[in-house]
Amino acid sequence: MTSYKDLGLVNSRELFKKAMAGKYAIPAFNFNNMEQLQAIIQACVEKRSPVILQVSSGARKYANQTLLRYMAQGAVEYAKELGYNIPIVLHLDHGDTFELCQSCIEYGFSSVMIDGSKYPYAENVELTRKVVEYAHKYDVTVEGELGVLAGIEDDVVAAAHVYTQPSEVEDFVSKTGVDSLAISIGTSHGANKFKPEQCTRNADGILVPPPLRFDILKEIEKRIPGFPIVLHGSSSVPQDQVAIINKYGGALKDAIGIPEEQLREAATSAVCKINIDSDGRLAMTAAVREVLATKPAEFDPRKYLGPARESLKKLYMHKVENVLGSAFKA
Ligand code: G3H
Ligand code: 13P
Ligand code: ZN
(Lines give C-alpha, C1' and ligand atoms only; values in the text may rest on other atoms or scores of the structure.)
(Ligands and ions follow the chains in the order given, each with its own letter.)
Protein backbone atom coordinates (compact mmCIF):
# COMPACT_ATOMS: atom_id res chain seq x y z
CA MET A 1 0.00 0.00 0.00
CA THR A 2 1.38 3.40 -1.03
CA SER A 3 -0.28 6.41 0.54
CA TYR A 4 -0.70 9.40 -1.76
CA LYS A 5 0.42 11.53 1.15
CA ASP A 6 3.88 9.98 0.92
CA LEU A 7 4.00 10.95 -2.77
CA GLY A 8 3.31 14.61 -1.96
CA LEU A 9 -0.20 14.53 -3.48
CA VAL A 10 -3.38 15.94 -1.94
CA ASN A 11 -7.04 14.87 -2.11
CA SER A 12 -9.64 17.22 -3.57
CA ARG A 13 -11.51 18.24 -0.39
CA GLU A 14 -9.75 21.51 0.46
CA LEU A 15 -9.35 22.46 -3.20
CA PHE A 16 -13.10 22.18 -3.77
CA LYS A 17 -13.89 24.16 -0.61
CA LYS A 18 -11.70 27.03 -1.83
CA ALA A 19 -13.00 26.77 -5.41
CA MET A 20 -16.60 26.98 -4.15
CA ALA A 21 -15.85 30.06 -2.03
CA GLY A 22 -13.72 31.70 -4.75
CA LYS A 23 -16.17 30.96 -7.59
CA TYR A 24 -13.75 29.11 -9.85
CA ALA A 25 -13.21 25.46 -10.85
CA ILE A 26 -10.20 23.17 -10.56
CA PRO A 27 -8.92 21.87 -13.91
CA ALA A 28 -9.01 18.08 -14.35
CA PHE A 29 -6.74 17.29 -17.27
CA ASN A 30 -6.37 13.70 -18.53
CA PHE A 31 -2.91 12.36 -19.25
CA ASN A 32 -1.38 9.18 -20.68
CA ASN A 33 2.24 10.13 -21.34
CA MET A 34 5.22 12.24 -20.34
CA GLU A 35 4.71 15.16 -22.73
CA GLN A 36 1.12 15.68 -21.58
CA LEU A 37 2.21 15.57 -17.95
CA GLN A 38 5.05 18.03 -18.55
CA ALA A 39 2.69 20.44 -20.32
CA ILE A 40 0.10 20.25 -17.52
CA ILE A 41 2.66 20.86 -14.78
CA GLN A 42 4.51 23.62 -16.64
CA ALA A 43 1.25 25.44 -17.41
CA CYS A 44 -0.20 25.09 -13.91
CA VAL A 45 3.04 26.11 -12.19
CA GLU A 46 3.40 29.13 -14.47
CA LYS A 47 -0.21 30.11 -13.77
CA ARG A 48 -0.06 29.09 -10.10
CA SER A 49 -3.13 26.85 -10.47
CA PRO A 50 -4.03 23.77 -8.44
CA VAL A 51 -4.55 20.77 -10.73
CA ILE A 52 -6.18 17.37 -10.92
CA LEU A 53 -4.16 14.85 -12.95
CA GLN A 54 -6.76 12.53 -14.33
CA VAL A 55 -6.18 8.92 -15.40
CA SER A 56 -8.84 6.83 -17.13
CA SER A 57 -8.80 3.04 -16.85
CA GLY A 58 -7.61 2.97 -20.49
CA ALA A 59 -4.79 5.37 -19.64
CA ARG A 60 -3.84 3.20 -16.69
CA LYS A 61 -3.55 0.16 -18.95
CA TYR A 62 -1.62 2.18 -21.53
CA ALA A 63 0.89 3.74 -19.15
CA ASN A 64 1.18 1.00 -16.48
CA GLN A 65 0.08 1.62 -12.90
CA THR A 66 3.58 1.47 -11.38
CA LEU A 67 4.98 3.96 -13.86
CA LEU A 68 1.99 6.21 -13.27
CA ARG A 69 2.64 6.31 -9.56
CA TYR A 70 6.20 7.43 -10.13
CA MET A 71 5.13 9.89 -12.80
CA ALA A 72 2.72 11.52 -10.33
CA GLN A 73 5.40 11.60 -7.66
CA GLY A 74 7.76 13.03 -10.28
CA ALA A 75 5.17 15.68 -11.16
CA VAL A 76 5.15 16.90 -7.56
CA GLU A 77 8.95 17.17 -7.52
CA TYR A 78 9.00 18.72 -11.00
CA ALA A 79 6.56 21.46 -9.91
CA LYS A 80 8.82 22.28 -6.97
CA GLU A 81 11.83 22.36 -9.27
CA LEU A 82 9.97 24.77 -11.56
CA GLY A 83 9.57 27.02 -8.55
CA TYR A 84 6.11 26.53 -7.04
CA ASN A 85 4.63 23.73 -4.99
CA ILE A 86 1.10 23.68 -6.51
CA PRO A 87 -1.47 21.26 -5.01
CA ILE A 88 -1.67 18.15 -7.22
CA VAL A 89 -4.42 15.50 -7.07
CA LEU A 90 -4.05 12.11 -8.78
CA HIS A 91 -7.55 11.06 -9.75
CA LEU A 92 -9.06 7.93 -11.33
CA ASP A 93 -11.45 9.02 -14.08
CA HIS A 94 -14.56 6.88 -14.66
CA GLY A 95 -13.66 4.00 -12.37
CA ASP A 96 -16.19 1.28 -13.14
CA THR A 97 -15.62 -1.32 -10.43
CA PHE A 98 -14.90 -1.39 -6.71
CA GLU A 99 -11.74 -3.42 -7.41
CA LEU A 100 -10.31 -0.83 -9.81
CA CYS A 101 -10.91 1.98 -7.28
CA GLN A 102 -9.35 -0.10 -4.51
CA SER A 103 -6.28 -0.87 -6.61
CA CYS A 104 -5.79 2.78 -7.56
CA ILE A 105 -6.02 3.81 -3.91
CA GLU A 106 -3.41 1.18 -3.06
CA TYR A 107 -1.16 2.53 -5.80
CA GLY A 108 -1.22 6.10 -4.50
CA PHE A 109 -4.22 7.82 -6.07
CA SER A 110 -5.62 10.59 -3.86
CA SER A 111 -9.06 10.68 -5.44
CA VAL A 112 -11.25 8.26 -7.40
CA MET A 113 -14.40 8.43 -9.44
CA ILE A 114 -16.79 5.55 -9.23
CA ASP A 115 -19.10 5.88 -12.18
CA GLY A 116 -22.21 3.83 -11.52
CA SER A 117 -24.36 6.04 -13.71
CA LYS A 118 -25.08 3.25 -16.17
CA TYR A 119 -26.67 1.12 -13.43
CA PRO A 120 -30.16 1.43 -11.98
CA TYR A 121 -30.27 4.01 -9.18
CA ALA A 122 -30.18 1.56 -6.24
CA GLU A 123 -27.16 -0.29 -7.69
CA ASN A 124 -25.35 3.00 -8.31
CA VAL A 125 -25.96 3.97 -4.67
CA GLU A 126 -24.75 0.60 -3.38
CA LEU A 127 -21.56 0.51 -5.49
CA THR A 128 -20.71 4.15 -4.75
CA ARG A 129 -21.30 3.69 -1.02
CA LYS A 130 -18.96 0.70 -0.97
CA VAL A 131 -16.16 2.66 -2.68
CA VAL A 132 -16.65 5.65 -0.34
CA GLU A 133 -16.45 3.38 2.70
CA TYR A 134 -13.10 1.99 1.54
CA ALA A 135 -11.65 5.27 0.21
CA HIS A 136 -12.43 7.33 3.30
CA LYS A 137 -10.40 4.94 5.46
CA TYR A 138 -7.37 6.30 3.58
CA ASP A 139 -8.62 9.90 3.32
CA VAL A 140 -9.11 9.49 -0.42
CA THR A 141 -11.95 11.58 -1.90
CA VAL A 142 -14.65 10.07 -4.11
CA GLU A 143 -16.63 11.43 -7.05
CA GLY A 144 -19.96 9.78 -7.96
CA GLU A 145 -22.20 10.37 -10.96
CA LEU A 146 -25.93 10.75 -11.54
CA GLY A 147 -27.33 11.06 -15.07
CA VAL A 148 -25.79 9.86 -18.33
CA LEU A 149 -23.95 12.05 -20.84
CA ALA A 150 -24.90 11.62 -24.48
CA GLY A 151 -22.24 9.99 -26.63
CA ILE A 152 -19.76 7.44 -25.38
CA GLU A 153 -19.30 7.05 -21.65
CA ASP A 154 -17.59 3.99 -20.22
CA ASP A 155 -18.10 2.11 -23.49
CA VAL A 156 -21.82 2.74 -23.09
CA VAL A 157 -23.22 4.66 -26.03
CA ALA A 158 -26.21 6.82 -25.15
CA ALA A 159 -28.14 8.31 -28.07
CA ALA A 160 -29.44 11.18 -25.96
CA HIS A 161 -28.64 12.80 -22.63
CA VAL A 162 -30.25 11.41 -19.52
CA TYR A 163 -30.12 14.64 -17.56
CA THR A 164 -29.48 14.39 -13.84
CA GLN A 165 -32.76 14.43 -11.93
CA PRO A 166 -32.47 17.06 -9.20
CA SER A 167 -34.97 15.08 -7.11
CA GLU A 168 -32.36 12.30 -6.68
CA VAL A 169 -29.31 14.28 -5.62
CA GLU A 170 -29.99 14.76 -1.87
CA ASP A 171 -30.76 11.10 -1.39
CA PHE A 172 -27.70 10.00 -3.44
CA VAL A 173 -25.28 12.28 -1.62
CA SER A 174 -26.55 11.38 1.84
CA LYS A 175 -26.76 7.60 1.21
CA THR A 176 -23.35 7.30 -0.47
CA GLY A 177 -21.25 9.87 1.40
CA VAL A 178 -19.53 11.00 -1.83
CA ASP A 179 -17.34 14.12 -1.77
CA SER A 180 -18.42 15.43 -5.18
CA LEU A 181 -21.06 14.69 -7.79
CA ALA A 182 -20.72 14.57 -11.59
CA ILE A 183 -23.92 15.65 -13.31
CA SER A 184 -25.37 15.57 -16.80
CA ILE A 185 -26.62 18.96 -18.06
CA GLY A 186 -25.83 18.79 -21.76
CA THR A 187 -22.07 18.17 -22.04
CA SER A 188 -20.73 14.97 -23.59
CA HIS A 189 -17.40 13.25 -24.19
CA GLY A 190 -15.28 13.51 -27.32
CA ALA A 191 -14.93 16.02 -30.16
CA ASN A 192 -18.42 15.58 -31.65
CA LYS A 193 -20.68 16.79 -28.88
CA PHE A 194 -23.48 18.06 -31.08
CA LYS A 195 -24.80 17.34 -34.55
CA PRO A 196 -24.83 20.41 -36.85
CA GLU A 197 -28.63 20.12 -37.07
CA GLN A 198 -28.87 20.65 -33.29
CA CYS A 199 -27.03 23.99 -33.67
CA THR A 200 -27.95 27.43 -34.93
CA ARG A 201 -25.67 29.77 -36.92
CA ASN A 202 -24.56 33.13 -35.55
CA ALA A 203 -24.03 36.29 -37.63
CA ASP A 204 -20.53 35.08 -38.64
CA GLY A 205 -21.88 31.75 -39.82
CA ILE A 206 -20.37 29.87 -36.84
CA LEU A 207 -22.37 26.94 -35.47
CA VAL A 208 -23.69 27.62 -31.96
CA PRO A 209 -24.74 24.56 -29.96
CA PRO A 210 -27.76 24.47 -27.64
CA PRO A 211 -26.95 25.96 -24.21
CA LEU A 212 -26.17 23.82 -21.18
CA ARG A 213 -29.12 23.20 -18.83
CA PHE A 214 -28.24 25.79 -16.22
CA ASP A 215 -31.81 25.45 -14.90
CA ILE A 216 -31.02 21.87 -13.79
CA LEU A 217 -27.71 22.97 -12.26
CA LYS A 218 -29.50 25.71 -10.26
CA GLU A 219 -32.12 23.26 -9.02
CA ILE A 220 -29.35 20.87 -7.91
CA GLU A 221 -27.52 23.70 -6.12
CA LYS A 222 -30.73 24.57 -4.29
CA ARG A 223 -31.11 21.01 -3.04
CA ILE A 224 -27.48 20.43 -1.99
CA PRO A 225 -26.13 23.92 -1.26
CA GLY A 226 -22.36 24.17 -1.13
CA PHE A 227 -21.82 20.64 -2.46
CA PRO A 228 -19.05 20.30 -5.12
CA ILE A 229 -20.38 19.55 -8.61
CA VAL A 230 -18.29 18.12 -11.46
CA LEU A 231 -18.71 18.69 -15.21
CA HIS A 232 -17.43 15.98 -17.53
CA GLY A 233 -17.22 16.35 -21.30
CA SER A 234 -16.16 19.99 -21.09
CA SER A 235 -13.86 20.37 -24.06
CA SER A 236 -14.60 23.34 -26.32
CA VAL A 237 -13.12 21.78 -29.48
CA PRO A 238 -11.12 24.81 -30.71
CA GLN A 239 -11.88 25.25 -34.40
CA ASP A 240 -8.38 26.53 -35.22
CA GLN A 241 -6.96 23.19 -34.05
CA VAL A 242 -9.57 21.22 -36.00
CA ALA A 243 -8.66 23.26 -39.09
CA ILE A 244 -4.93 22.48 -38.70
CA ILE A 245 -5.67 18.77 -38.30
CA ASN A 246 -7.83 18.74 -41.42
CA LYS A 247 -5.39 20.90 -43.40
CA TYR A 248 -2.60 18.39 -42.78
CA GLY A 249 -4.43 15.22 -43.72
CA GLY A 250 -6.90 14.75 -40.85
CA ALA A 251 -10.55 13.91 -41.33
CA LEU A 252 -12.47 15.42 -38.44
CA LYS A 253 -16.03 16.13 -39.40
CA ASP A 254 -18.64 18.14 -37.50
CA ALA A 255 -16.38 18.59 -34.48
CA ILE A 256 -18.30 20.84 -32.07
CA GLY A 257 -17.64 21.52 -28.38
CA ILE A 258 -19.00 23.48 -25.41
CA PRO A 259 -18.56 27.27 -25.79
CA GLU A 260 -16.00 28.56 -23.31
CA GLU A 261 -18.29 31.33 -22.00
CA GLN A 262 -20.69 28.67 -20.74
CA LEU A 263 -17.92 26.83 -18.93
CA ARG A 264 -16.77 30.15 -17.45
CA GLU A 265 -20.29 30.70 -16.16
CA ALA A 266 -20.47 27.14 -14.76
CA ALA A 267 -17.14 27.64 -12.97
CA THR A 268 -18.61 30.51 -10.93
CA SER A 269 -21.38 28.20 -9.62
CA ALA A 270 -21.11 25.06 -7.49
CA VAL A 271 -19.15 23.43 -10.32
CA CYS A 272 -15.73 22.90 -8.70
CA LYS A 273 -14.12 20.51 -11.20
CA ILE A 274 -14.15 20.70 -15.00
CA ASN A 275 -12.88 17.74 -17.06
CA ILE A 276 -10.92 18.41 -20.23
CA ASP A 277 -9.34 15.68 -22.34
CA SER A 278 -10.34 16.03 -26.00
CA ASP A 279 -9.04 19.60 -26.40
CA GLY A 280 -5.58 18.36 -25.38
CA ARG A 281 -5.80 15.51 -27.87
CA LEU A 282 -6.73 17.96 -30.63
CA ALA A 283 -3.90 20.38 -29.79
CA MET A 284 -1.36 17.59 -29.69
CA THR A 285 -2.55 15.96 -32.92
CA ALA A 286 -2.65 19.28 -34.78
CA ALA A 287 0.96 20.07 -33.82
CA VAL A 288 2.24 16.58 -34.69
CA ARG A 289 0.42 16.54 -38.03
CA GLU A 290 1.77 19.96 -38.96
CA VAL A 291 5.39 18.99 -38.29
CA LEU A 292 5.11 15.64 -40.07
CA ALA A 293 3.41 17.20 -43.10
CA THR A 294 5.70 20.21 -43.44
CA LYS A 295 8.97 18.45 -42.54
CA PRO A 296 8.62 15.00 -44.12
CA ALA A 297 12.28 14.14 -43.53
CA GLU A 298 11.93 14.57 -39.76
CA PHE A 299 12.04 11.33 -37.75
CA ASP A 300 13.20 12.40 -34.30
CA PRO A 301 10.10 12.12 -32.05
CA ARG A 302 11.30 15.09 -30.01
CA LYS A 303 10.92 17.25 -33.09
CA TYR A 304 7.16 16.64 -33.26
CA LEU A 305 6.37 15.84 -29.62
CA GLY A 306 8.21 18.99 -28.51
CA PRO A 307 5.95 21.35 -30.51
CA ALA A 308 2.95 19.26 -29.40
CA ARG A 309 3.97 19.80 -25.77
CA GLU A 310 4.31 23.57 -26.36
CA SER A 311 0.89 23.75 -27.94
CA LEU A 312 -0.63 21.77 -25.04
CA LYS A 313 0.99 24.06 -22.50
CA LYS A 314 -0.49 27.12 -24.23
CA LEU A 315 -3.91 25.48 -24.25
CA TYR A 316 -3.78 24.62 -20.53
CA MET A 317 -2.59 28.12 -19.59
CA HIS A 318 -5.52 29.57 -21.50
CA LYS A 319 -7.96 27.17 -19.81
CA VAL A 320 -6.91 27.92 -16.24
CA GLU A 321 -6.71 31.67 -16.81
CA ASN A 322 -9.72 32.35 -19.02
CA VAL A 323 -12.12 29.43 -18.60
CA LEU A 324 -11.78 27.85 -15.15
CA GLY A 325 -10.57 30.93 -13.30
CA SER A 326 -8.11 28.87 -11.24
CA ALA A 327 -4.98 30.89 -12.14
CA PHE A 328 -3.14 32.28 -9.11
CA LYS A 329 -5.34 30.28 -6.68
CA ALA A 330 -2.64 27.78 -5.68
O1 G3H B 1 -13.98 10.38 -20.18
C2 G3H B 1 -13.12 9.86 -20.88
C3 G3H B 1 -11.77 10.43 -21.05
O4 G3H B 1 -11.75 11.34 -22.11
C5 G3H B 1 -10.73 9.35 -21.16
O6 G3H B 1 -10.81 8.69 -22.36
O7 G3H B 1 -10.90 6.23 -21.88
O8 G3H B 1 -10.02 7.10 -24.07
O9 G3H B 1 -8.68 7.38 -21.98
P10 G3H B 1 -10.04 7.24 -22.58
P1 13P C 1 -13.91 15.79 -23.10
O2 13P C 1 -14.01 14.63 -24.03
O3 13P C 1 -14.98 16.82 -23.42
O4 13P C 1 -12.57 16.39 -23.05
O5 13P C 1 -14.26 15.26 -21.63
C6 13P C 1 -13.30 14.60 -20.85
C7 13P C 1 -13.89 13.94 -19.65
O8 13P C 1 -15.00 14.18 -19.24
C9 13P C 1 -13.02 12.99 -18.94
O10 13P C 1 -13.71 12.36 -17.92
ZN1 ZN D 1 -15.77 11.98 -18.23
Side-chain angles (χ1 to χ4, degrees), residues 12 25-33 36-37 39-40 51-65 68 71 89-97 100-101 104 109 111-118 142-158 161-162 164 180-194 209 212 228-239 241-242 245 252 254-260 262-263 266-267 271-286 312 315-316 318-320 323-324:
S12 62
I26 311 289
F29 296 133
N30 289 69
F31 83 102
N32 306 264
N33 64 40
Q36 289 169 321
L37 186 59
I40 295 170
V51 69
I52 297 173
L53 299 174
Q54 199 156 255
V55 175
S56 68
S57 57
R60 188 166 175 266
K61 270 190 217 127
Y62 178 82
N64 177 276
Q65 57 188 10
L68 271 174
M71 284 172 87
V89 175
L90 181 63
H91 175 80
L92 169 66
D93 190 25
H94 293 285
D96 56 350
T97 62
L100 175 60
C101 293
C104 284
F109 281 59
S111 174
V112 293
M113 175 189 194
I114 177 68
D115 181 358
S117 62
K118 61 173 180 272
V142 180
E143 174 184 326
E145 178 166 334
L146 272 179
V148 182
L149 276 63
I152 302 173
E153 188 172 357
D154 274 355
D155 301 326
V156 177
V157 182
H161 302 281
V162 180
T164 305
S180 61
L181 181 67
I183 61 167
S184 169
I185 57 164
T187 62
S188 64
H189 293 107
N192 296 82
K193 299 189 192 298
F194 304 96
L212 297 179
I229 300 297
V230 177
L231 275 193
H232 282 249
S234 297
S235 278
S236 296
V237 187
Q239 293 301 303
Q241 301 300 310
V242 173
I245 291 173
L252 290 180
D254 300 335
I256 304 169
I258 311 292
E260 289 186 339
Q262 290 188 38
L263 297 167
V271 170
C272 291
K273 171 176 179 269
I274 292 187
N275 287 10
I276 297 170
D277 186 0
S278 298
D279 283 356
R281 296 179 181 197
L282 291 168
M284 206 168 185
T285 301
L312 268 179
L315 171 87
Y316 294 139
H318 164 68
K319 294 285 181 189
V320 300
V323 184
L324 289 99

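Remember, it's 1-based here, ligands and their atoms both numbered in the order they're listed.
For ligand 1, the atoms lying closer than 4.0 Å to a non-hydrogen atom of D277 are 3 (C), 4 (O), 5 (C), 6 (O). Listed by atom number, the atoms of ligand 1 under 4.0 Å from N30 heavy atoms are 3 (C), 5 (C).
A donor-acceptor pair under 3.5 Å links the side-chain atoms of S235 to the main chain of S278, judged by distance alone. Panel note: side chain N192, backbone D254; a donor-acceptor pair is recorded below 3.5 Å. When atom types are taken as modelled, the side chain of Q36 and the backbone of N33 share a donor-acceptor pair closer than 3.5 angstrom.
When each of Q54, H91, K273 is checked for a side-chain hydrogen bond (donor to acceptor under 3.5 Å, both in side chains) with S111, only H91 meets the rule.
Protein residues with a heavy atom under 4.0 Å from ligand 2 are N30, Q54, D93, H94, S188, H189, G190, K193, H232, G233, S234, S235, N275, I276, D277, S278.
Of the N or O atoms in R281, one or more lie within a sub-3.5 Å distance of an N or O in ligand 1.
Angle subtended at the Zn ion (ligand 3) by H189 NE2 and H94 NE2: 100°, rounded to 10 degrees.
Closest non-hydrogen pair, E143 versus A182, comes out as OE2-CB, 3.7 Å.
Under the 30°/60° scheme for interplanar angles, the aromatic rings of H189 and H232 are found to stand perpendicular.
Remark: Q239 CD to L282 CG distance equals 9.0 Å, nearest 0.5 Å. For the atom pair OG1 of T97 and CD1 of I114, the computed distance is 6.5 Å after rounding to the nearest 0.5 Å.
When the N, O or S atoms of H232 are ranked by distance to the Zn ion (ligand 3), ND1 comes first.
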